[in-house]
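Whatever order the structure lists ligands and atoms in, that order sets their numbers, starting from 1. Because the structure is predicted, anything quoted here is derived from the model rather than measured.
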Amino acid sequence: MAKVLVLYYSAYGHIEKMAYAVAEGAESAGAEVSVKRVPELVSEEVAKASHYKIDQPAPVATVEELGDYDAIIFGAGTRYGTVASQLRNFIDQTGSLWAKGKLVGKVGSAFTSSATQHGGQESTILGLIPTMLHHGMVVVGLPYAFQGQMGIDEIKGGSPYGASTITGGDGSRQPSEIELDAARFQGAHVARIAAKLAD
Ligand SMILES: Cc1cc2nc3c(=O)[nH]c(=O)nc-3n(C[C@H](O)[C@H](O)[C@H](O)COP(=O)(O)O)c2cc1C
């Protein structure tokens, strides 16, 4: 049974919702799944003033534990076309794992969200791929086998690089059913590949 970590940062709860859908998918494929988040970097005062979703039950991960999983699925929203600094900051503390090759051969994957449809979803996920490769991870995306990313009948996130959701400029749009399906598919896909690699 593959051990999968869904590691996320979410200021407003969209990525949090997507993270649990990713976890559901991984569990459905037989993985043992943990959902954890990275520490917040802004002060409580700023978080409250910015209406962050402060009540998030997922425990905060430690850098050291990353080596304990067969797969890590990273999730964070777009910030000016790239990944939120809270996740980046956490990843930037993984030097000791890199030095020991602790993540070599493990599966890496990513999902994201942005306010606007073309506001940087692809660039955010693609920006995480070099990091996964530096760690020797086997990068897995969201293949077109997930047919939900085809078609132009509705506005939706999701690309071959990973699942995503569009929040709208004021953050009022929640992940749609098709976006949650994409997240579940990605979780299951990662879990299956991780199980094969862990054999
Ligand atoms: C400082 C900042 C920069 C942002 N930059 C972008 C951006 O470049 N493109 C975009 O579409 N949305 C941008 N957003 C919106 C976030 O991507 C959006 O709030 C986030 O994906 C919501 O996910 P969450 O609810 O999990 O925090 C930005 C938000 C903030 C606070």
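- Taking Ile, Leu, Val, Met, Phe, Trp and Tyr as members and joining any whose side-chain heavy atoms lie under 4.5 Å apart, directly or through other members, the hydrophobic cluster of V6 also contains V4, Y8, I15, M18, Y20, V22, V33, V35, I73, V107, F111, V138, V140, L180, V190, I193, L197.
- Within 4.0 Å of ligand 1, protein heavy atoms come from S10, A11, Y12, G13, H14, I15, G77, T78, R79, Y80, G81, S113, S114, A115, T116, G119, T167.
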Going by atom type alone, with no hydrogens or angles, which donor-acceptor pairs under 3.5 Å involve a side-chain atom of residues 47-54 and a protein atom two or more places apart or on another chain?
unit_1 : atom_1 : unit_2 : atom_2 : d
K48    : NZ     : E44    : OE2    : 3.3
S50    : OG     : V46    : O      : 2.8
K53    : NZ     : E16    : OE1    : 2.7
K53    : NZ     : E16    : OE2    : 3.3
K53    : NZ     : D55    : O      : 2.8

Is there a side chain to side chain contact (heavy atoms under 4.5 Å, CB included) between W98 and K102 once you walk through the steps? CA-CA 6 Å; W98 171 82; K102 290 273 189 191; over 6 Å; no
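- The nearest pair of heavy atoms linking A110 to Q186 is O-NE2, 2.9 Å.
- Contacts of E24 classified as salt bridge (Lys or Arg N to Asp or Glu O under 4.0 Å), with partners at least two apart in sequence or in another chain: R184.
- In this structure, L41 places its CG atom where more than 12 heavy-atom neighbours from other residues, nucleotides or ligands lie under 6.0 Å away.
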